[in-house]
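Have a look at the structure below before the remarks.
Every heavy atom of this structure was used, including side-chain atoms; hydrogens, water molecules and symmetry mates were not. Numbers restart at 1 for each chain; the letters A, B, ... are given by sequence-line order, proteins then strands. Note that the coordinates shown come from a computational prediction; the quantities given were computed from them, not determined experimentally.
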Amino acid sequence: MSSQKPTIPKGTRDFPPTEMVRRNYIFDTIRNVFQVFGYQPIETPAMENLSTLMGKYGDEGDKLLFKILNSGNYLDGIPDAESGMRDAGSRLQHLTKHIAEKGLRYDLTVPFARFVVQHQNELIFPFKRYQIQPVWRADRPQKGRYREFFQCDVDVIGSNSLLYEVELAQIADAIFSKLGIRVMIHINNRKVLAGIAEAIGAPDKLTDITVAMDKLDKTGIDKVNDELIQRGITYESVEKLQPILTLEGKIKDKFKTLTGLFKDSEIGRKGLEEMHTVLQFLKDLGLNNKFDFDITLARGLSYYTGTIMEVKALDVPMGSICGGGRYDDLTGIFGLPGMSGVGISFGADRIYDVMNELTLFPQTIQASTRVLFINFGTEEEKYCLTLLANLRQAGIPSEIYPDAAKIKKQMEYANRKNIPFVILVGKNEIETSLLTFKDMRSGEQKSISFDEIKNLLS
RNA sequence: GUGGUCGUAGCUCAGUUGGUUAGAGCGAUAGAUUGUGGAUCUAUAGGUCGUGGGUUCAAGCCCCAUCUUCCACCCCA
């Protein structure tokens, strides 16, 4: 019999107990903050109809969707090779439509939009929800990048109040404060970017400009200019963009420069006004972490229309660990126009990596079993089981070794599992009702009654 | 999708210009110690060298393919 090697798909991971304890610590912290701010949980299925997902993330996104092969005889529905489909690309697309009609969710926002439209009559608007679930992307894995990873989304839909932008920044601030990660919250506004595009005379090149500008801190100004030219932006426009690319320093100065630039750009002025409101609130409220008006912040997703934000860890190089923004018409495509929403998403896996690298996990979360009964044999076992039930009733995590193995082996078990206390009950102990209670860390042990032990443990 | 990289014991890694029987540390198991873990000592077990093909008298080492790991680009949490 040849046995096969156990493996899991590329870019996916198993989580052993030690990791799960830490992951749950992150999820619990995030969930608590979400709830304190008045958000309610929902869940959606791992798979959606492909029609729900396709076309929402751009061409790149469509390629990164995991598609699910139809069950049954999926070859049945395939029409014969059709003319006019010579190139492999369109043939593949055509074929895919026939053999796969479901796909794994790519993010939580689009399924949420679908959810809102589908359940619009049952929901109370503004609808504030949070959602913590895995998402899948057929990307190539690398540092901080997985094919299956968890997102923790908070969104509010059905209001265009800027108070919610402020609230989301506060949520991010609260969560990262609790986790002990020092961060910078980058904030920008899509309308400001549109204003810039307009002001430099290239309003139709908004996407190209933002994609290029997004790389400013990574590749430097020269490379950005090169890319702008390559993307078909005129020298004249690039020239006009320079003062903005080199804009550094105080938020006040950025406003000043942009106000001048936006003399003839209504959308730019609107964006600045929104930015002013949000930043003023944040300044007045006072956050633990720093925030900044980051003009180079673009964010790829095409559906953002207003505020965009992104959070980066200060002490470790990692992509963004949290990001989101305002989208004016996400539900329109599902037949419910005019619903404005704003939300952010926390990348739990990256947050884990950051905390791990900075060793920010508190020791206290490691505790599992607190006390182990050593097993001496059938009679002692019976005696211990009653006490064990008693401890468990009192909420003290406890267990008994399953058989009367050598004491050495049982002690080793306790040691390796980091169980801090051990109770030994043999013939002597049963006779005197004084149990041997051992502290595994100090090695000390004493003979005391069960009630005293219970007292010490609670 | 593009370019590179890694793979040898459970883990971390040695392994000479291709040359007999592939090694170490840690870990595991047993004992030194029949009611006591961590430290020490002793012994033992553990390998189709990622997989498949090729070159050669001879391959862990060279060639090809493939899978996997990690990294960069594109994009993104």
Side-chain angles (χ1 to χ4, degrees), chain A residues 2-13 26 30 57-65 88-89 92 105-109 132-153 172 207 210-212 214-215 218-219 223 227 298-302 309-313 317-324 343-354 372 374-377 380 401 404-430 435-445 447:
Chain A
S2 74
S3 68
Q4 61 165 342
K5 238 182 205 168
T7 55
I8 53 176
K10 184 199 284 208
T12 64
R13 296 151 300 156
I26 293 173
I30 290 174
Y57 311 103
D59 288 346
E60 282 295 325
D62 282 357
K63 277 188 213 155
L64 297 180
L65 282 171
L92 184 66
R105 72 167 98 79
Y106 178 90
D107 70 359
L108 299 179
T109 309
I132 299 176
Q133 290 190 275
V135 303
W136 295 268
R137 294 183 190 179
D139 209 350
R140 247 195 225 194
Q142 51 180 282
K143 188 180 178 67
R145 185 175 256 200
Y146 308 98
R147 284 184 145 179
E148 179 187 60
F149 60 97
F150 276 74
Q151 288 191 332
C152 314
D153 272 33
T207 312
T210 52
V211 168
D214 196 32
K215 291 170 191 158
K218 235 178 166 178
T219 61
K223 285 257 173 72
E227 184 166 345
R299 288 197 62 76
L301 291 175
S302 43
M309 54 178 111
E310 197 160 282
V311 179
K312 284 185 178 163
M318 174 79 67
S320 70
I321 52 179
C322 170
I344 52 172
S345 177
F346 294 78
D349 304 86
R350 283 191 179 174
I351 292 173
Y352 178 93
D353 289 346
V354 168
L372 172 78
I374 298 292
N375 191 326
F376 278 86
E380 293 91 337
Y401 199 83
K406 284 185 179 150
I407 310 298
K408 178 188 166 103
K409 192 167 181 191
Q410 300 192 42
M411 297 295 273
E412 239 165 36
Y413 174 80
N415 201 40
R416 292 182 55 189
K417 271 191 83 173
N418 262 321
I419 299 175
F421 300 104
V422 158
I423 299 174
L424 296 94
V425 184
K427 295 243 164 5
N428 298 342
E429 281 86 351
I430 294 181
L435 316 185
T436 303
F437 182 65
K438 174 159 182 161
D439 182 328
M440 292 297 278
R441 282 164 302 195
S442 65
E444 286 168 22
Q445 63 183 49
S447 295

Of the listed nucleotides ([options]), which one gets closest to any side-chain atom of [X]?
| X | options | answer |
| --- | --- | --- |
| A:Met411 | B:U36, B:C74, B:C71 | B:U36 |
| A:Phe376 | B:G37, B:C71, B:G35 | B:G35 |
| A:Asn415 | B:A77, B:G38, B:A72 | B:G38 |
| A:Leu424 | B:U68, B:G35, B:G37 | B:G35 |
| A:Lys10 | B:G37, B:U69, B:G35 | B:U69 |
| A:Val211 | B:G35, B:C75, B:G37 | B:C75 |
| A:Ser320 | B:A77, B:G38, B:G35 | B:A77 |
| A:Gln142 | B:C71, B:U2, B:G37 | B:C71 |
| A:Ile407 | B:G37, B:C75, B:G35 | B:G35 |
| A:Lys406 | B:A30, B:G35, B:G37 | B:A30 |

Would A:Phe346 pass as stacked on B:A77, i.e. its ring centre under 5.5 Å from the base's six-membered ring centre and planes under 30° apart?
->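 No; by the centre-distance and plane-angle rule, A:Phe346 does not count as stacking on B:A77.
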5′-ward residue of the pair A:Gly144/A:Ile8 relative to RNA chain B =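 Final value for this comparison: A:Ile8.
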Would you mind telling me which residue lines up with the more 5' stretch of RNA chain B, A:Lys427 or A:Arg147, judged by nearest nucleotide?
->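 Upstream on the strand: A:Lys427.
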When the ring planes of A:Tyr413 and A:Tyr401 are compared, do they come out parallel, tilted or perpendicular, using 30° and 60° as the limits?
->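 Perpendicular, since the angle between the ring planes exceeds 60°.
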Determine the Euclidean distance between corresponding [atom1] atoms of [M] and [N]; express it in Å to zero decimal places.
| N | M | atom1 | result |
| --- | --- | --- | --- |
| B:G27 | B:G46 | C1' | 11 Å |
| B:G15 | B:G50 | P | 15 Å |
| B:A43 | B:G52 | P | 36 Å |
| B:C67 | B:C11 | P | 23 Å |
| B:G4 | B:U40 | P | 47 Å |
| B:G25 | B:C63 | C1' | 34 Å |
| B:U12 | B:C6 | C1' | 15 Å |
| B:U20 | B:A59 | C1' | 14 Å |

Please determine, for [N], whether a Watson-Crick or G-U wobble partner exists with both distances under 3.5 Å, and give it or none.
| N | result |
| --- | --- |
| B:C26 | B:G10 |
| B:U66 | B:G50 |
| B:C73 | B:G1 |
| B:U20 | none |

With a non-hydrogen cut-off below 4.0 angstrom, is [X] in contact with a base, only sugar-phosphate, or nothing?
| X | answer |
| --- | --- |
| A:Gly61 | nothing |
| A:Arg441 | base |
| A:Tyr413 | nothing |
| A:Glu444 | nothing |
| A:Asp349 | nothing |
| A:Gly324 | nothing |

Roughly how many Å is it from [atom1] in [X] to [atom2] in [N], rounded to a whole number?
| X | N | atom1 | atom2 | answer |
| --- | --- | --- | --- | --- |
| A:Arg137 | B:G1 | CZ | P | 18 Å |
| A:Met309 | B:C76 | CE | C1' | 18 Å |
| A:Arg416 | B:C11 | CZ | C1' | 13 Å |
| A:Asp353 | B:C76 | CG | P | 20 Å |
| A:Asp59 | B:C76 | CG | P | 13 Å |

Is the cationic atom of A:Arg441 (NZ for Lys, CZ for Arg) positioned less than 6.0 Å from the six-membered ring centroid of A:Phe421 and within 45 degrees of its normal?
-> yes
Please round to the nearest 0.5 Å and tell me the distance separating atom CG of A:Asp59 and atom CG of A:Leu64.
-> 11.0 Å
Rounded to the nearest 0.5 Å, how far does CG of A:Asn428 lie from CZ of A:Phe376?
-> 9.0 Å
Output, in order, the C-alpha distance, side-chain angles, deciding distance and verdict of side chain to side chain contact (heavy atoms under 4.5 Å, CB included) for A:Glu380 and A:Ile374.
-> CA-CA 9 Å; A:Glu380 293 91 337; A:Ile374 298 292; over 6 Å; no
Any N or O donor-acceptor pair under 3.5 Å from the base of [N] to the side chain of [X]?
| X | N | result |
| --- | --- | --- |
| A:Lys438 | B:G37 | yes |
| A:Arg350 | B:C76 | yes |
| A:Gln445 | B:U36 | yes |
| A:Arg140 | B:C75 | no |

State, yes or no, whether a side-chain contact exists between A:Met440 and A:Met411 at a heavy-atom distance under 4.5 Å.
->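 With C-beta onward as the side chain, the pair touches.
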Should A:Arg147 and A:Trp136 count as side-chain neighbours, where that means a heavy-atom distance under 4.5 Å?
->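 No - every pair of side-chain heavy atoms lies 4.5 Å or more apart.
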A:Ala348 to A:Ile26 - nearest heavy-atom pair and separation =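 That closest heavy-atom pairing would be O-CD1, 4.3 Å.
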